[in-house]
Amino acid sequence: MWQQIAAPDVAVDLGTAHTRVAVAQRRLSFETASVAGTVAALRAGVVIDLTAAAEILRPTIARLRGLGLRQPRVLACAPSDTTGAEREAVRESCFAAGAG
């Protein structure tokens with residue numbers, strides 16, 4: 001059985017085509033499609049729809065919970081040329097998806 005971790009660190013790269021996730025404590029990484037129905041959540045790696053971005057991340061956070069990670073603390077990546085508002089959109093979408 002998986003051991004419960006209070007505040008695990010999870011790296012998330014929310015990309016336009018794929019979302020990549022890495023969990024260092026478990027030596028686990030996986031990739032999922034960045035698709036939320038018919039709504040474009042990202043453009044050029046930048047969140048343009050918070051709700052759609054959270055819908056992309058929600059199954060990923062649920063998958064991590066299924067591995068015994070209660071409320072993962074997420075480190076999310078954003079392109080280096082993003083504005084403060086664009087970085088805040090990434091942060092808000094992670095919280096809306098259930099990240100700690």
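Residue indices begin at 1 and follow the sequence shown.
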Q: So which atom in V47 and which in L14 form the shortest heavy-atom distance, rounded to 0.1 Å?
A: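 Here V47 and L14 meet closest at CG2-CD2, 4.1 Å.
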
Q: Looking only at heavy atoms, which two atoms of A76 and C94 are closest? And how far apart?
A: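 Minimum heavy-atom contact is CB-SG, 3.8 Å.
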
Q: For S80, give me all partners under side chain to side chain contact (heavy atoms under 4.5 Å, CB included), at least two apart in sequence or on another chain.
A: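 By the side chain to side chain contact (heavy atoms under 4.5 Å, CB included) rule, S80 matches no residue at all.
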
Q: Go through the steps for I61 and V74 under the test side chain to side chain contact (heavy atoms under 4.5 Å, CB included), then give the verdict.
A: CA-CA 9 Å; I61 300 296; V74 172; 4.2 Å; yes

Q: Is F30 linked to I56 within one hydrophobic cluster, defined over Ile, Leu, Val, Met, Phe, Trp and Tyr using a side-chain heavy-atom separation of less than 4.5 Å?
A: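 As far as the 4.5 Å side-chain criterion goes, I56 and F30 are connected within one cluster.
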
Q: Under 3.5 Å, side chain of S34 to main-chain N/O of T19, donor-acceptor pair present?
A: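 Yes; at least one donor-acceptor contact below 3.5 Å.
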
Q: Looking at residues at least two apart in the chain, or sitting in another chain, which of them share a side-chain hydrogen bond (donor to acceptor under 3.5 Å, both in side chains) with R91?
A: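 Per chain and number, R91 pairs via side-chain hydrogen bond (donor to acceptor under 3.5 Å, both in side chains) with E88.
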
Q: I want to check something: taking the side chain as every heavy atom from C-beta on, are V10 and T60 in contact at a cut-off of under 4.5 Å?
A: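 Sidechains of T60 and V10: no contact.
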
Q: Any non-hydrogen side-chain atom of L57 less than 4.5 Å from a side-chain atom of F95?
A: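 No. Closest side-chain heavy atoms not under 4.5 Å.
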
Q: State, to 0.1 Å, how close R87 and T82 come at their nearest heavy-atom pair, and which atoms those are.
A: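 Here R87 and T82 meet closest at NH1-O, 2.5 Å.
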
Q: Which atom pair, heavy atoms only, marks the closest approach of P79 to V46?
A: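 Heavy-atom minimum between the residues: CG-CG2, 4.4 Å.
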
Q: Restricting to non-hydrogen atoms, name the atom on A89 and the atom on L50 that form the minimum distance, rounded to 0.1 Å.
A: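 Between these two residues, the closest heavy atoms are O-CD2, 3.0 Å.
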
Q: Looking at every non-hydrogen atom in both residues, tell me the closest pair between R58 and A97 and how far apart they are.
A: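 Looking at all heavy atoms of both residues, the shortest contact is N-CB, 3.7 Å.
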
